[in-house]
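What follows is a single structure, written as C-alpha cells, with notes after it.
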Amino acid sequence: MIPEPAGNAEIAGQIERAYPGYHVWISDTGWWYATRTHTGGRGQSATVHGPGPGELSGALAEEEADTTGRAMAGAW
C-alpha cells in the first residue's frame with residue numbers, strides 16, 4: 001500500500017466540492033477515482049479515474065460536458 005502524501009485529503013475534498021455527487025478516493029496504487037454517490041448525479045459513468053488529481057478533474061469535467069451536450073442536443 002502506498003502512503004498518501006500530506007494534502008491529498010484536502011485535494012480530494014476540493015474535487016468533491018467542485019463536482020457534487022461524487023466521492024473521491026485514491027487506490028492502493030495511487031490512482032485517483034471519483035464514484036457517484038447516488039443515481040441522480042450528472043454523468044453517465046458510475047466511476048471515473050485518472051493517475052492524479054488533475055487528470056481526475058479533467059475526466060469529471062469531460063463527463064459533465066458530455067452529459068450537458070447530450071441534454072442540449074435533445075432539447076433542439
dist Leu60:CG -> Tyr22:OH (nearest 0.5 Å) comes out at 6.0 Å
Please report the interatomic distance CG(Leu56) to CD1(Ile11), rounded to the nearest 0.5 Å. 11.0 Å
Counting distance only, does the side-chain N/O of Glu55 pair as donor-acceptor with the main-chain N or O of Gly52 below 3.5 Å? yes
Return the minimal non-hydrogen interatomic distance between Ser45 and Glu63, and the atom names on each side. N-OE2, 2.6 Å
Ignoring hydrogens and geometry, is there a side-chain-to-backbone donor-acceptor pair from Glu16 to His23 under 3.5 Å? no
Between the main-chain N or O of Gly21 and the side-chain N or O of Thr37, is there a donor-acceptor pair closer than 3.5 Å? yes
Please work out whether the ring planes of Tyr33 and Trp25 are parallel, tilted or perpendicular, with thresholds of 30° and 60°. parallel
Shortest non-hydrogen contact from Ser57 toward Tyr19: O-OH, 3.5 Å
Please give me the minimum heavy-atom distance between Val48 and Ala59, naming the atom from each residue. CB-CB, 4.3 Å
